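All residue numbers refer to positions in the sequence shown, counting from 1. No experiment lies behind these values; they were computed from the predicted model shown.
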Amino acid sequence: RLSKRHLGMAANLATVYDPEGAVDAGFLDRLADDPVEAAIQHAAMLAETLHPAAFQVTRDRLRGESAELIRARIADDLATFTVG
């Protein structure tokens with residue numbers, strides 16, 4: 001999601017962004033005075049307007065491969081833990 005203009009600075013130079021810069025770079029979509037309230041309102045709007053099955057299909061197509069890779073790596077990591 002990062003802008004190509006900021007990828008090198010963010011990844012290679014560990015640049016720290018102020019809120020406005022984070023929006024410009026792509027770390028954030030937008031700013032809000034009350035982020036929790038804004039998130040609640042946005043979630044309510046999505047719940048009213050999105051068809052759940054269509055949302056799931058789109059999400060799976062866009063992020064399914066990455067999610068499966070993350071799950072596999074977590075499983076590999078957990079397999080190395082021992083109790084006791």
Side-chain angles (χ1 to χ4, degrees):
R1 303 250 335 234
L2 291 181
S3 160
K4 290 181 181 180
R5 295 182 296 113
H6 292 276
L7 183 58
M9 291 186 314
N12 296 327
L13 303 176
T15 299
V16 176
Y17 294 88
D18 63 10
E20 291 80 12
V23 172
D24 182 51
F27 284 106
L28 301 173
D29 291 330
R30 62 184 157 273
L31 298 177
D33 291 332
D34 185 347
V36 173
E37 181 59 29
I40 291 169
Q41 289 178 2
H42 190 69
M45 182 274 303
L46 292 175
E48 290 176 11
T49 60
L50 292 180
H51 187 279
F55 177 76
Q56 182 175 351
V57 168
T58 301
R59 184 189 62 207
D60 290 348
R61 286 186 181 161
L62 292 175
R63 296 192 276 181
E65 187 176 328
S66 296
E68 287 303 318
L69 181 60
I70 291 167
R71 285 187 191 101
R73 296 299 180 255
I74 290 171
D76 291 346
D77 191 41
L78 290 173
T80 66
F81 285 97
T82 59
V83 178

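- Heavy-atom minimum distance, Asp77 versus Thr80: O-OG1, 2.6 Å.
- Residues Val57 and Phe55 are members of separate hydrophobic clusters, defined by side-chain heavy-atom contacts under 4.5 angstrom among Ile, Leu, Val, Met, Phe, Trp and Tyr.
- Taken to the nearest 0.5 Å, the CD atom of Glu68 stands 9.0 Å off from the CG atom of Asp60.
- Ile40 contributes atom CD1, which lies 8.0 Å from atom CG of Asp34 (distance to the nearest 0.5 angstrom).
- Pairing each heavy atom of Pro19 with each of Leu28, the nearest pair is O-CD1, 4.1 Å.
- Counting all heavy atoms, side chain and backbone alike, Val23 lies closest to Asp29 at CG1-O, 3.9 Å.
- Hydrophobic clustering, with ILVMFWY side chains joined whenever heavy atoms are under 4.5 angstrom apart, groups Ile70 together with Leu78.
- Applying the side chain to side chain donor-acceptor pair (under 3.5 Å) test to Arg73 and every residue at least two apart in sequence or in another chain returns nothing.
- With a 6.0 Å radius and a threshold of 12 heavy atoms from other residues, nucleotides or ligands, Arg59 has its CZ atom above the threshold.
- Both Leu2 and Leu13 are assigned to one and the same hydrophobic cluster, defined by single-linkage of ILVMFWY side chains at heavy-atom distances under 4.5 Å.
- Every residue two or more places apart in sequence or in another chain that forms a side chain to side chain donor-acceptor pair (under 3.5 Å) with Gln41 is listed here: Glu37.
- Between Asp24 and Arg5, the shortest heavy-atom distance links the atoms OD1-NH2, 2.9 Å.
- Summarising the geometry, atom CZ belonging to Arg63 is positioned 14.5 Å from atom CG belonging to Leu69; distances are rounded to the nearest 0.5 Å.
- Partners of Tyr17 according to the ring pair (Phe, Tyr, Trp, His ring centres under 6.0 Å) rule, which considers only residues two or more places apart in sequence or in another chain, are His6, Phe27.
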